[in-house]
Amino acid sequence: MAFRYFNAAGADENGVVGELHSPETHLIPSAFEAISGERAELEIFGNDYPTPDGTCVRDYIHVSDLAEAHVLGLEYLEKGESGALNLGTGRGNSVNEVLSSIERISGRQVPKRLAPRRPGDTPELVADPSKAERLLNWKAKRSLDEIVSTAWKWDQTRRGLTRPAGIRRTNS
């Protein structure tokens, strides 16, 4: 089974596992770095694309939706079948829409500045998940706000600002 992910994002709902790499290049964790002061500001690469608000549109999919697709993909393989499927929501969100969600959920402004377009960036990349829906009976369920909310929880946990659900500190 070959899966083509679109913009995998979010974290587990308990705030224990999430996205962390260096250097950070993905929009949501990069915005969190700007909020926390780890970077001076978030660069928005272009605002003159032929999209509703001028910023790039991407299909963001929650990592838990991807995990569920993997389980269904394994079950499909057990039947002796195979396939190549796009995993996404089939809907896109612009950079500005993602930043609005981040600001609403975090309660903080994202320091940002407009930067020139990056070479090769296309205005819009959105999955057609219809084959995954048909073959696996799978559909992404989580919203952009759920993606941002879980990613924010993970970010706050990794910074030591909150504790993961179900985890207690003990004095030993």
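Any value given below was found using the heavy atoms of this structure, including those in side chains, with hydrogens, waters and symmetry copies removed.
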Walk me through it: do Val63 and Asp12 pass the test side chain to side chain contact (heavy atoms under 4.5 Å, CB included)? CA-CA 8 Å; Val63 292; Asp12 87 288; over 6 Å; no
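- Cluster membership check: Val71 does not share its hydrophobic cluster with Met1, using side-chain heavy-atom separations under 4.5 Å among Ile, Leu, Val, Met, Phe, Trp and Tyr.
- Leu85 and Leu125 are assigned to two separate hydrophobic clusters, defined by single-linkage of ILVMFWY side chains at heavy-atom distances under 4.5 Å.
- Between His62 and Thr150, the shortest heavy-atom contact is NE2-OG1, 2.9 Å.
- With 3.5 Å as the limit, one finds no donor-acceptor pair spanning the side chains of Glu68 and His70.
- A salt bridge between Glu43 and Arg117 is absent, with no side-chain N of the basic residue lying under 4.0 Å from a carboxylate O of the acidic one.
- Residues Ile35 and Ser106 have side chains in contact (heavy-atom distance under 4.5 Å, counting atoms from C-beta outward).
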Side chain to side chain contact (heavy atoms under 4.5 Å, CB included), that's the test. Do Glu124 and Cys56 meet it? Break it down for me. CA-CA 6 Å; Glu124 187 171 355; Cys56 289; over 6 Å; no
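- For the pair Trp154 (side chain) and Val16 (backbone), a donor-acceptor distance under 3.5 Å is absent.
- Under a 4.0 Å N-O distance rule, the pair Glu13/Arg142 qualifies as a salt bridge.
- A heavy-atom distance below 4.5 Å is not found between the side chains of Ile102 and Trp152.
- Contact of the Leu135 side chain with the Tyr76 side chain is registered, since non-hydrogen atoms from C-beta on lie closer than 4.5 Å.
- Val95 and Leu42 fall within the same hydrophobic cluster, defined by Ile, Leu, Val, Met, Phe, Trp and Tyr side-chain heavy atoms under 4.5 Å apart, directly or through other members.
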How far apart are the C-alpha atoms of Glu41 and Arg113, what are their side-chain angles, what is the distance that settles it, and do they pass the salt bridge (Lys or Arg N to Asp or Glu O under 4.0 Å) test? CA-CA 7 Å; Glu41 56 203 356; Arg113 75 174 178 86; 3.0 Å; yes
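- Panel note: side chain Glu103, backbone Val110; a donor-acceptor pair is recorded below 3.5 Å.
- One finds no salt bridge joining Arg58 and Glu97 here, because no Lys/Arg side-chain nitrogen approaches an Asp/Glu carboxylate oxygen to under 4.0 Å.
- The two residues Val148 and Ile28 come nearest to each other via the heavy atoms CG2-CD1, 4.2 Å.
- Taking hydrophobic clusters as Ile, Leu, Val, Met, Phe, Trp and Tyr residues chained together by side-chain heavy-atom distances below 4.5 Å, Phe3 shares a cluster with Leu72.
- Residues forming a side-chain contact (heavy atoms from CB on, under 4.5 Å) with Ser143 (at least two apart in sequence, or on another chain): Asp145, Glu146.
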Mind running side chain to side chain contact (heavy atoms under 4.5 Å, CB included) on Tyr60 and Thr89 for me, showing each step along the way? CA-CA 7 Å; Tyr60 293 88; Thr89 65; over 6 Å; no
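- Between the side chain of Asn86 and the backbone N or O of Pro129 there is no donor-acceptor pair closer than 3.5 Å.
- Contact check for Leu27 versus Asn7: no side-chain heavy atoms found under the 4.5 Å cut-off.
- Hydrophobic clustering of Ile, Leu, Val, Met, Phe, Trp and Tyr side chains at less than 4.5 Å, counting indirect connections, unites Ile147 with Phe32.
- Between the side chain of Asp59 and the main chain of Ala127, a donor-acceptor pair closer than 3.5 Å is present.
- Checked by atom type and distance alone, the side chain of Glu24 pairs as donor or acceptor with a backbone atom of His26 at under 3.5 Å.
- In this structure, a donor-acceptor pair under 3.5 Å is absent between the side chains of Asn96 and Ser94.
- When all heavy atoms of Leu99 and Ala31 are compared, the closest pair comes out as CD2-CB, 4.0 Å.
- Minimum heavy-atom separation, Gly88 to Trp138: O-CH2, 3.6 Å.
- Residues Arg159 and Ser36 meet the side-chain proximity criterion, which asks for heavy atoms closer than 4.5 Å.
- More than 12 non-hydrogen atoms from other residues, nucleotides or ligands lie less than 6.0 angstrom from CG of Asp48.
- Side-chain contact between Phe45 and Thr55 is absent, with no heavy-atom pair separated by less than 4.5 Å.
- Remark: Glu75 pairs with no residue by the salt bridge (Lys or Arg N to Asp or Glu O under 4.0 Å) rule, at least two apart or across chains.
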Please assess Gln156 against Lys153 for the test side chain to side chain contact (heavy atoms under 4.5 Å, CB included), listing each intermediate value before the final yes or no. CA-CA 5 Å; Gln156 297 301 284; Lys153 184 175 184 178; 6.0 Å; no
Going through the distances and angles, do Lys141 and Glu133 end up as a salt bridge (Lys or Arg N to Asp or Glu O under 4.0 Å)? CA-CA 12 Å; Lys141 296 180 275 194; Glu133 291 172 13; over 6 Å; no
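- Taking NZ from Lys131 and CG from Leu87, the interatomic distance works out to 11.5 Å, rounded to the nearest 0.5 Å.
- The two atoms that bring Pro111 and Ala40 nearest to each other are CB-O, 3.6 Å, heavy atoms only.
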